[in-house]
Amino acid sequence: MAAPEAWRARSCWFCEVAAATTMEATSREAAPAKSSASGPNAPPALFELCGRAVSAHMGVLESGVWALPGPILQSILPLLNIYYLERIEETALKKGLSTQAIWRRLWDELMKTRPSSLESVTCWRAKFMEAFFSHVLRGTIDVSSDRRLCDQRFSPLLHSSRHVRQLTICNMLQGATELVAEPNRRVLETLASSLHTLKFRHLLFSDVAAQQSLRQLLHQLIHHGAVSQVSLYSWPVPESALFILILTMSAGFWQPGPGGPPCRLCGEASRGRAPSRDEGSLLLGSRRPRRDAAERCAAALMASRRKSEAKQTTRAAPATRVTRRSTQESLTAGGTDPKRELLPPATSHEAPGTKRPPSAPPTTSSASASSSTSSSKRAPASSAPQPKPLKRFKRATGKKGARTRQGSGAESEDLYDFVFIVAGEKEDGEEMEIGEVACGALDGSDPSCLGLPALEASQRFRSISTLELFTVPLSTEAALTLCHLLSSWVSLESLTLSYNGLGSNIFRLLDSLRALSGQAGCRLRALHLSDLFSPLPILELTRAIVRALPLLRVLSIRVDHPSQRDNPAVPGNAGPPSHIIGDEEIPENCLEQLEMGFPRGAQPAPLLCSVLKASGSLQQLSLDSATFASPQDFGLVLQTLKEYNVALKRLSFHDMNLADCQSEVLFLLQNLTLQEITFSFCRLFEKRPAQFLPEMVAAMKGNSTLKGLRLPGNRLGNAGLLALADVFSEDSSSSLCQLDISSNCIKPDGLLEFAKRLERWGRGAFGHLRLFQNWLDQDAVTAREAIRRLRATCHVVSDSWDSSQAFADYVSTM
């Protein structure tokens, strides 16, 4: 009897609150209520008035509300603001209540955006709070505009931070300065434990203060946090300083900026997490054995940038305020691009400890010395993969160098054009080629990188495991930095380089990946590479990658346009190194998934077969836009798959003309090891459909291992669909459970007849049927009836596509 009495007591308590608040609310709303009792502005019901009052006084009544019975609590939940609604989640679940519908309504009303159809939202609370955090951080939402978002007792950033799994920083690093500010210290601490993915989109040029804030933010989120993935998207003109900062911090390198506050976590960190200053001295000091290329490169980057920022921060504030006109004039006078944003000027081009004759003046940037040294111009993103002549750098000495340094305090000196050769400058002023330094550092020789300074304050922390660069053009300097870091980035598990305009830098990338593969503890298992051009044909590039990374599990590679390797060579270009395009046999590898997107032109089948023969563990193969010289070459590839890739389970062909390869298609459908086959826009039924369809159905009826068949975009039509229905007849041994017939010119009457045939055989045909972009809108009633019948035997996925846009396709199938 105790439980009913407690329930009754709580109900009475709520009624007392209701009565008190109702009297107060009634006295305030008496006049408007009498005048519009029957209109749309009718006074709220008694229960709603009570709920609003309780919601407004949750700071006092929260514990009592949590103890309310489920039926009453369910009616109060929609009236709570987002802070108390989030806090009461656990209690609601214990009472058998769900808040998902409330969070979904809040999303629709406040965020006013629809999630992608490809996105499966499992928790609307987490999705709403993560988006709410980003909007508040960027200032794109006014929390005072809606009572459900405003509560003086809670901090919007702090309350929502624990739900943030992915954070996006845009434009001029908005939000970075706010997060590292002292009032938001708890917010940053919470993000360090909850955040897993950090994204940068559409970055623009930033000042030194913003970069200093970003340095602190990355240090806490990556080095002392849980961020495991960094992705950069759509950065048409990358700023060298900012890009290299993000790369080096992601790779685990850390050095505090000049004038920045010390990291309190570094002092509290254990020995296993972050080395102390003395340990850093032993790790990176002069007594340490020869450092690898990545550490030497990163040390030089951080030393030069630190001195650059120190010089700029010590200048007076008025001296740094330069007008756009004077900036453009100084840049033009210095021989650099006037459209390029200012970068922090360097104090010297010499590494610390470099000896110089007493009579020699300090070295300065050579950008203003001669037009031959204007190396700040970046390589175009989509340029042809023809390597350019190597750029040389000279010291600017004497009066000319002095005038350059004193002329403009904000003059742009591209710090990273010389960072790889700064420590190797010889005492006699001899010129150095950046290409020679890069090649020497990557092949293990030690031409000039030995002189890089030993930074005793530098430390190595935890680094990310996934790096993604989407549409970020890489200049020579940026590509060299990436390659140097990759050569020892053993924690990296997945690398994505998409449309970065690598060009001939792909050879340096292959060398760094080969060096990484030789490192103990290398974890790189997935590589995704795509670009407009490649200096190597795609199959040769694939062979080179597989040789460099024999432990790779997933390889996705795409080249949009044919290789220009056969074009007249650029003067001084000796072509790709022999160890990259060698003809030796590919050793056995661990590839499990291979995806290849081919450019125009016939591909040599023997090269593809050599990759397949060395990939005995291959389980999934996808070929996009592949063209072979003859059906016999395609048959050779399929025969290789049957003999050497017995573990293959999924095979996909997209945008390939297989109209003349019908016998090879039948050969595939008779393969008893494949579980899923995709022929997407492959023109299968363009020739001899009346003869080929029965042969195809017969092969599928005898295959008991095939589980999925995807045939989108093959102009199957009603006749072809009805022929496929025979696969599910009573005398068939097929176990097909997934069928994709999207974009196949199927009409409602044909789909209805297909459904009737499945009903006639009285068996569960399959589990999943996809019908996207068919002509089902021509007779909506018949289409609904067909889909109703089909849903009795399978799960149907369709859409409301306008078939009037497909008139040309209709004419071709008449």
Side-chain angles (χ1 to χ4, degrees), residues 117-118 556 558 560 595-600 620-628 631 634 638 650-662 664-666 668-669 674 676-693 695-697 699-700 706-725 727 736-751 754 766 768-778 783 786-787 790 794-814:
S117 58
L118 302 178
S556 176
R558 169 181 293 275
D560 291 347
E595 300 177 359
M596 303 182 67
F598 295 86
R600 301 184 306 273
Q620 181 174 341
L621 174 64
S622 176
L623 302 180
D624 187 350
S625 306
T627 304
F628 298 98
F634 183 56
L638 299 184
R650 295 179 176 85
L651 184 60
S652 175
F653 301 102
H654 174 73
D655 195 17
M656 295 173 57
N657 185 1
L658 301 182
D660 296 322
C661 302
Q662 294 180 349
E664 287 76 14
V665 172
L666 295 177
L668 275 178
L669 294 175
L674 291 174
E676 182 179 306
I677 303 178
T678 299
F679 298 102
S680 175
F681 296 89
C682 290
R683 303 163 65 177
L684 283 182
F685 311 109
E686 187 173 288
K687 297 182 179 180
R688 301 190 317 112
Q691 295 79 18
F692 177 59
L693 271 170
E695 296 174 350
M696 179 178 174
V697 170
M700 293 175 60
L706 188 64
K707 306 295 182 182
L709 179 64
R710 305 180 187 275
L711 300 171
N714 284 286
R715 302 180 181 179
L716 189 63
N718 283 355
L721 179 62
L722 296 180
L724 281 181
V727 175
L736 195 67
C737 58
Q738 292 187 0
L739 180 62
D740 187 351
I741 50 176
S742 303
S743 304
N744 270 292
C745 310
I746 296 173
K747 299 180 181 179
D749 55 343
L751 186 63
F754 177 75
F766 41 83
H768 199 87
L769 177 65
R770 297 174 65 89
L771 294 169
F772 291 111
Q773 295 186 356
N774 280 298
W775 298 348
L776 303 183
D777 61 328
Q778 294 186 357
I787 292 177
L790 285 172
C794 63
H795 176 66
V796 181
V797 181
S798 183
D799 61 354
S800 55
W801 184 61
D802 184 6
S803 63
S804 62
Q805 304 297 323
F807 179 76
D809 207 6
Y810 170 75
V811 171
S812 64
T813 56
M814 289 181 61

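Only this structure's heavy atoms are used, side chains among them; waters, hydrogens and symmetry mates stay out.
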(request) Run the salt-bridge test on Arg558 and Glu595 with the 4.0 Å N-O cut-off and return the result as yes or no. (result) no
(request) Under the side-chain hydrogen bond (donor to acceptor under 3.5 Å, both in side chains) rule, collect the residues that match up with Asn714, sequence neighbours excluded. (result) none
(message) Applying side chain to side chain contact (heavy atoms under 4.5 Å, CB included) to Asp660 and Lys687, what does each step give before you reach the verdict?
(response) CA-CA 8 Å; Asp660 296 322; Lys687 297 182 179 180; 2.6 Å; yes
(request) Identify the two heavy atoms, one from Thr678 and one from Arg710, that lie closest to each other, and give their separation to 0.1 Å. (result) OG1-CD, 3.3 Å
(message) Can you tell me how far apart CG (Leu674) and CG (Leu668) are? Round to the nearest 0.5 Å.
(response) 6.5 Å
(request) For residues Met700 and Leu724, report the shortest heavy-atom separation together with the two atoms involved. (result) SD-CD2, 4.4 Å
(message) What's the separation between atom CE in Met656 and atom OG in Ser680, rounded to the nearest 0.5 Å?
(response) 11.5 Å
(request) Calculate, to the nearest 0.5 Å, the distance between atoms CG and SG belonging to Leu769 and Cys737 respectively. (result) 12.0 Å
(message) Which residue in the set Arg688, Glu686, Glu695 passes side-chain contact (heavy atoms from CB on, under 4.5 Å) when paired with Gln662?
(response) Arg688
(request) Return the minimal non-hydrogen interatomic distance between Asn718 and Lys747, and the atom names on each side. (result) OD1-N, 3.0 Å
(request) Keeping the roles fixed (side chain from Asp624, backbone from Met596), state whether a donor-acceptor pair exists under 3.5 Å. (result) no
(message) Can you give me the closest heavy-atom contact between Cys794 and His768, atom names plus distance?
(response) CB-N, 4.4 Å
(message) If you compare all heavy atoms of Met696 against all heavy atoms of Leu669, which two are closest, and at what distance to 0.1 Å?
(response) CG-CD1, 3.5 Å
(message) Assess the residue pair Leu693 and Phe685 against the criterion (side chain to side chain contact (heavy atoms under 4.5 Å, CB included)); give the C-alpha distance rounded to whole Å, side-chain angles, the decisive distance to 0.1 Å, and a yes or no.
(response) CA-CA 8 Å; Leu693 271 170; Phe685 311 109; 3.5 Å; yes
(request) Nearest 0.5 Å please: distance from the CG atom of Leu716 over to the CG atom of Leu684. (result) 9.5 Å
(request) Look up atom CG in Leu623 and atom CG in Asp655, then write down how far apart they are to the nearest 0.5 Å. (result) 12.0 Å
(message) For Ser798, is there any backbone N or O sitting under 3.5 Å from a side-chain donor or acceptor partner on Asn774?
(response) no
(request) Give a yes or no on whether the backbone of Leu711 and the side-chain of Asn744 come within a donor-acceptor separation of less than 3.5 Å. (result) yes
(request) Tell me, please, which residues at least two apart from Asp799 pass side-chain hydrogen bond (donor to acceptor under 3.5 Å, both in side chains). (result) none
(request) State which residues pass side-chain hydrogen bond (donor to acceptor under 3.5 Å, both in side chains) with Asn657; sequence neighbours excluded, sorted by chain then number. (result) none
(request) With rounding to the nearest 0.5 Å, note down the distance linking CG in Leu651 to CD in Glu676. (result) 10.0 Å
(request) Check whether the side chains of Ser743 and Gln773 place a donor and an acceptor atom closer than 3.5 Å, and report yes or no. (result) yes
(message) Using the rule given for side chain to side chain contact (heavy atoms under 4.5 Å, CB included), can you reason through Phe754 versus Leu790, listing the C-alpha separation, both sets of side-chain angles and the distance that settles it, and then say yes or no?
(response) CA-CA 9 Å; Phe754 177 75; Leu790 285 172; 4.0 Å; yes
(message) Using 30° and 60° as the class boundaries, would you call the ring planes of His654 and Phe681 parallel, tilted or perpendicular?
(response) perpendicular
(request) Give the ring-plane orientation class for Phe679 versus Phe653, where under 30° counts as parallel, over 60° as perpendicular and anything between as tilted. (result) parallel
(request) Write down the atom of Ala783, the atom of Leu776, and the distance for their closest heavy-atom approach. (result) CB-O, 3.4 Å
(message) I'd like to know whether Phe772 forms a side chain to side chain contact (heavy atoms under 4.5 Å, CB included) with Trp801, so could you lay out the CA-CA distance, the side-chain angles of the two residues, the decisive distance to 0.1 Å, and finally the verdict.
(response) CA-CA 8 Å; Phe772 291 111; Trp801 184 61; over 6 Å; no
